[in-house]
2 protein chains.
Amino acid sequence: MTPRFSTQTAEADAAPVPMPPRERILTAASDLFYRQGIRAVGVDAIAEAAGTNKMTLYRHFESKDALVAEYLRRLSGKSQKFWGYIEREYPDNPRKQLGVWLEAAGQDANDPQGRGCALANAAVELAEKDHPARRVIEEHKRAQRDRLAKLCADAGLDQPEMLADELFLLLEGARVCAQSIGTDSPCCRFVRMGEAIIASHDKK
Amino acid sequence: MTPRFSTQTAEADAAPVPMPPRERILTAASDLFYRQGIRAVGVDAIAEAAGTNKMTLYRHFESKDALVAEYLRRLSGKSQKFWGYIEREYPDNPRKQLGVWLEAAGQDANDPQGRGCALANAAVELAEKDHPARRVIEEHKRAQRDRLAKLCADAGLDQPEMLADELFLLLEGARVCAQSIGTDSPCCRFVRMGEAIIASHDKK
DNA sequence: CCTATATGTTACTGATCGGTACCAAATCAA
DNA sequence: TTGATTTGGTACCGATCAGTAACATATAGG
């Protein structure tokens, strides 16, 4: 199974051997949080979807907020795996890596079933600035942006920091745009826009 | 009072003559919805902040959802006024209009007190695709994007549709990025990025 | 003045929220 | 088999949710 670009939830991967309760809870919570929103989903609904009960949930997670943080931590981890996958697949070819990233990001942003980036969504939903999830979100986003900047630099592109910022914001915008307008919108031109911007940073 | 770029709430404009209840409710709701999130704010809290009570609230709005929709409709209206203001201020100078828009958008995205675009945030919070607010959001965003495209075309820039998409997504991204990473992030370079992208569409 | 309308107040509904106490059943290690 | 740990089930807690009924008080217009 090749890693996905992620920051959507997906997967469920019907297990041959039944998953332990903690795993089932995280899987169910991920699906519900992503599709319906964090505040819209109660712990009762999560426990039921996980085929267990609230007591078991609270034996594994000290609070709903902690469960939310873990949900986001998992997604951030998957995203890291995708970067690793790209590097392993196309070593010493940063231009190709950037192309693969752009394509994967575009597919993610234009998934009609998708609801954008779970971490960005969480930042919108959880306004309390001391929420345990906020650290996870900020660290993830900074890491994404920095990784992209390194890639742009390695690819020998002009003004790599600025280019990375442009691509980063473009993607963030595309994923939130898909939720407000829908995929029949600027976000469906994301890949083309990214290519054009990359081209404009190509050293002539 | 010059119109603001808006899609944040702000205002409060301590009225000399006391506002009627409906207005007070909308003002209070706007402030709370924007700062804390729609789902995080109960109708009781809104009524109290408006200096009235729940009954009066429900005499003016048939449900919380209807109040939310009206909250967003107002913001969309203010945004339209800003476009009108720009046109009136710099008629027959689309390049200047674009510059003013970019600058205002940049200030909006980088307001450290800001929480991004209220309409985009609502789209994230309200996953139900039949929510009465969704029409308002989609129409607003489409209108914004189209208005921007017209401006780029009038300004005689290259590939105006694509440029508008780029600027649109860049702004959407900047406003959501400010919430996840904070204003010390790519979003604080928004204006510079916008200028660079516009320049790259300048007919040589 | 009187009457109609708008607003305020209180109390309530039934549902759901996050979180817990308690005990029984299942599982697992020795 | 024994004994410890993990899980399931149920019932509960107090708080809050969106929304309403009933009644008292204003405020207006004639």
Query - Phosphate OP1/OP2 of dT7(D): any His60(A) side-chain N/O under 4.0 Å - result: yes
Query raised in the report: How long is the gap from OG on Ser185(B) to CD on Glu138(A), to the nearest 0.5 Å?
Result: 9.0 Å
Report task. Measure from the side-chain heavy atoms of Met55(B) and tell me the nearest of dG19(D), dT10(C), dG8(D). Result -> dT10(C)
**Report entry** Between P of dA18(D) and CZ of Arg39(B), the distance in whole Å
**Finding:** 10 Å
Requested in this report: Ignoring backbone atoms, test whether Tyr58(A) places a side-chain nitrogen or oxygen under 4.0 Å from the OP1 or OP2 oxygen of dT20(C).
Outcome: no
**Report entry** Nucleotide dT7(D), atom C1' - distance to CG of Asn53(A) in whole Å
**Finding:** 7 Å
Query raised in the report: For the side chain of Gln36(B) and the backbone of Val41(B), is there at least one donor-acceptor N/O pair under 3.5 Å apart?
Result: no
Query - Nearest-neighbour nucleotide for the Thr52(A) side chain, dG8(D), dA18(D), dG18(C) considered - result: dG8(D)
Query raised in the report: Roughly, in whole Å, what's the span from CG in Asp44(A) to P in dA15(C)?
Result: 15 Å
Report summary line: Rounded to whole Å, the CD-P distance (Glu48(A) to dT7(D)) equals 19 Å
Requested in this report: Using atom NZ of Lys54(B) as one end and atom P of dT20(D) as the other, report the distance to the nearest whole Å.
Outcome: 10 Å
Query raised in the report: So, Asn121(B) side chain and Arg115(B) main chain: donor-acceptor pair closer than 3.5 Å or not?
Result: yes
Query raised in the report: With no hydrogens and no angle check, is any side-chain donor or acceptor of His201(A) less than 3.5 Å from a backbone partner on Asp158(A)?
Result: yes
Report task. Give the rounded distance in Å between these two atoms: CG of Leu57(B) and P of dT10(C). Result -> 17 Å
Query raised in the report: Between Ser63(B) and Arg59(B), who's closer to the 5' end of DNA chain D by nearest nucleotide?
Result: Ser63(B)
Requested in this report: Calculate the interatomic distance between His131(A) atom NE2 and dG18(C) atom P; express it in whole Å.
Outcome: 11 Å
**Report entry** Spacing of Lys64(B) atom NZ relative to dC17(D) atom P, expressed in whole Å
**Finding:** 8 Å
Query raised in the report: Under 4.0 Å: is that the gap between some side-chain N or O of Thr56(B) and OP1 or OP2 of dG8(C)?
Result: yes
Query - Side-chain touch Trp83(A)/Gln144(A), heavy atoms, less than 4.5 angstrom - result: yes
Report task. Look at the side-chain N and O atoms of Arg24(A) and state whether any lies under 4.0 Å from the OP1 or OP2 oxygen of dG8(D). Result -> yes
